[in-house]
Asker: 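Please read through the structure below; I'll follow up with questions.
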2 protein chains.
Amino acid sequence: MTDKNKYHHGDLQQKLLNEAALVIAEKSIDGLSMRGLADRLGVSRTAAYHHFKDKNGLLCAIAEDGFRRWQAELDGLLSQLPESMEIWFEHFSRAYLDFATESAEHYDLMFGRPIWKHGQPTESLRKLSYDAFQSYVEFVERCQQKNLIAEEQNALRLAQVSWGTLHGLCRLINDGIYIDRDSVEDMCKNSVRLFATN
Amino acid sequence: MTDKNKYHHGDLQQKLLNEAALVIAEKSIDGLSMRGLADRLGVSRTAAYHHFKDKNGLLCAIAEDGFRRWQAELDGLLSQLPESMEIWFEHFSRAYLDFATESAEHYDLMFGRPIWKHGQPTESLRKLSYDAFQSYVEFVERCQQKNLIAEEQNALRLAQVSWGTLHGLCRLINDGIYIDRDSVEDMCKNSVRLFATN
DNA sequence: CGACAAATCTTGACACCGTCAACATACATC
DNA sequence: GATGTATGTTGACGGTGTCAAGATTTGTCG
């Protein structure tokens with residue numbers, strides 16, 4: 001290993017992921033191209049194809065990182081049972097919105113059409129996303145067992161609807177339909193009241 | 001006008017819109033290219049640029065059609081005050097989901113990132129979308145005046161949150177995250193209960 | 001150590017894409 | 001009939017994802 005003009009790059013796979021994250025932060029997801037990414041790393045256009053099946057594979061890997069970050073935060077939020085559902089859910093909503101808006105591009109990738117509808121999601125990505133949601137469902141169930149939430153409600157449905165609502169709000173912001181963050185905060189409180197007092 | 005090998009196409013603008021709708025229905029929005037569309041109409045690659053500023057302009061025009069269709073349906077739904085909010089909202093939800101899933105590609109265009117975040121929406125599109133939402137807000141206000149909805153709630157916020165929830169569900173379906181339509185029906189009923197009994 | 005296989009990286013090529021510039025044709029109007 | 005405008009054309013530029021074939025390095029086994 002001459003260390004200087006090395007033919008093999010070392011850990012191109014990881015470097016690709018890191019650089020891709022930078023590009024996405026700079027120019028959004030549509031600004032990410034395989035060729036441009038290769039250029040930035042001073043590597044040939046097709047080098048990445050030895051580490052990812054295709055562009056979809058790379059995107060899935062980036063989305064996976066997002067899910068791991070979110071899961072870590074989620075674990076903290078779900079680790080102990082709340083005293084008041086209303087306060088907890090407001091806290092949860094804020095954390096969710098913060099994640100979705102601060103890592104907007106990651107969020108769009110994690111739940112967006114390019115991966116889930118068109119390019120098939122990687123099996124590992126599928127599992128990560130499923131686990132994240134599942135841990136939320138189980139949290140709702142634990143809350144029901146402690147009588148924090150009415151037990152006659154279907155835990156899965158409750159989790160789906162409450163998450164779907166948050167997801168809807170986040171999409172409205174990230175897609176540029178609602179841009180007023182204050183409105184969103186207020187909407188968030190409204191939806192909290194709906195879920196918590198029911 | 002020789003009628004046969006006519007140089008001028010007649011009403012290319014409308015034909016472009018019609019054919020684009022077909023392409024979108026066949027191959028989804030990403031399958032629509034300016035060049036491919038021109039080919040299908042037997043016209044040169046840049047002919048469309050005399051009728052739309054650029055691809056974004058064409059997409060906006062398609063989205064406008066979607067908004068007009070939705071507004072027509074909306075007018076019917078909002079024309080008279082309901083007797084029961086719960087029944088009405090269930091009816092409304094179903095209509096919204098039907099529209100969003102049956103015209104999935106149109107829906108994604110109407111509320112999707114490509115237009116609102118990246119390519120700036122046309123002024124006319126902006127107005128159409130604003131009007132549609134505004135008519136919903138005014139409906140909520142009328143319901144409040146008739147004491148069908150608690151008056152202390154902010155009508156705008158209520159409209160935003162309820163619509164945001166429906167939008168969230170639709171995105172989950174259209175983006176391929178939830179594919180089970182039965183689950184969605186059930187989720188829909190759950191969210192109805194949240195809004196109607198509050 | 002040498003040979004051979006696997007991993008990794010390269011260039012070349014293909015088929016797309018959006019869109020600008022320059023030019024050609026048809027139509028409308030004075 | 002001349003002239004301007006609307007509409008159509010081809011040519012070109014730079015961009016994209018990705019496949020095939022060849023080059024080079026690394027890992028493995030006798």
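The structure presented is a predicted model; accordingly, all values stated were derived computationally and were not measured. Below, chain A is the first sequence line, B the second, and so on; all start at residue 1.
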Asker: When the nearest nucleotide of DNA chain D is assigned to A:H50 and to A:L32 on a heavy-atom basis, which residue is associated with the more 5' position?
Answerer: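 Mapping each residue to its closest nucleotide by heavy atoms, the 5'-most match is A:L32.
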Asker: Where the side chain of A:A47 is concerned, which of C:dG18, C:dG12, C:dC9 is the nearest nucleotide?
Answerer: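 Nearest nucleotide to the side chain: C:dC9.
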Asker: Is any side-chain N or O of B:R45 under 3.5 Å from a base N or O of D:dG8, one able to act as donor and the other as acceptor?
Answerer: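 A donor-acceptor contact between them is absent.
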Asker: Between B:Y49 (OH) and C:dC20 (C1'), how many Å, whole number?
Answerer: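 My rounded result for the distance is 9 Å.
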Asker: Rounding to a whole Å, what distance do you find between B:L37:CG and C:dC16:C1'?
Answerer: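 Interatomic distance, CG of B:L37 to C1' of C:dC16: 16 Å.
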Asker: Hey, does the side chain of B:H51 come within less than 4.0 Å of D:dA6's phosphate (OP1/OP2), counting only N and O?
Answerer: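 Checking D:dA6 against B:H51, no side-chain N or O comes under 4.0 Å of OP1 or OP2.
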Asker: Rounded to whole Å, how long is the line connecting atom CD of A:Q13 with atom P of C:dC9?
Answerer: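 Rounding to the nearest Å, CD of A:Q13 and P of C:dC9 are 10 Å apart.
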Asker: Should B:R35 and B:D39 count as an ion pair when the cut-off is N to O under 4.0 Å?
Answerer: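 A salt bridge is absent here (no side-chain N lies under 4.0 Å from a carboxylate O).
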Asker: The side chain of B:T46 lies closest to which of these nucleotides: C:dA21, D:dG17, D:dT7?
Answerer: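 The answer is C:dA21, which lies nearest to the side chain.
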Asker: Is the distance between the ring centroids of A:F92 and A:Y136 less than 6.0 Å?
Answerer: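 Yes: the rings meet the under 6.0 Å criterion.
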Asker: Rounding to an integer number of Å, can you tell me how far A:M34 CE sits from D:dT16 P?
Answerer: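 After rounding, the reported distance stands at 12 Å.
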Asker: Would you please indicate if the ring centroids of A:Y107 and A:W70 are separated by under 6.0 Å?
Answerer: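 Judged by ring-centre distance (under 6.0 Å), A:Y107 and A:W70 do not meet the cut-off.
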Asker: Given that A:S44 and A:R35 both sit by DNA chain C, which one's nearest nucleotide is further toward the 5' end?
Answerer: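 Residue closer to the 5' terminus by nearest nucleotide: A:S44.
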Asker: Grab the CG-P distance between B:N56 and C:dT19 for me, whole Å please.
Answerer: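 It works out to 9 Å between those atoms.
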Asker: Between atom NZ in A:K15 and atom P in C:dC9, what is the gap in whole Å?
Answerer: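 About 10 Å, once rounded to whole Å.
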Asker: Below 4.0 angstrom from OP1 or OP2 of D:dT16, is there any side-chain N or O of A:S33?
Answerer: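 Yes, within the criterion.
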Asker: Please report the distance, rounded to the nearest Å, between CG in B:D30 and C1' in D:dG17.
Answerer: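 After rounding, the gap between these two atoms is 14 Å.
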Asker: Evaluate salt bridge (Lys or Arg N to Asp or Glu O under 4.0 Å) for B:E105 paired with B:K27, printing each intermediate quantity in order.
Answerer: CA-CA 10 Å; B:E105 304 293 337; B:K27 309 190 290 185; over 6 Å; no
Asker: In whole Å, what is the span from the CG atom of B:L41 to the P atom of D:dT9?
Answerer: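 Spelled out: CG on B:L41 to P on D:dT9 is 11 Å.
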Asker: Looking at the rings of B:F133 and B:W163, which for Trp means the six-membered one, are their centres under 6.0 Å apart?
Answerer: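 Yes, ring centres under 6.0 Å apart.
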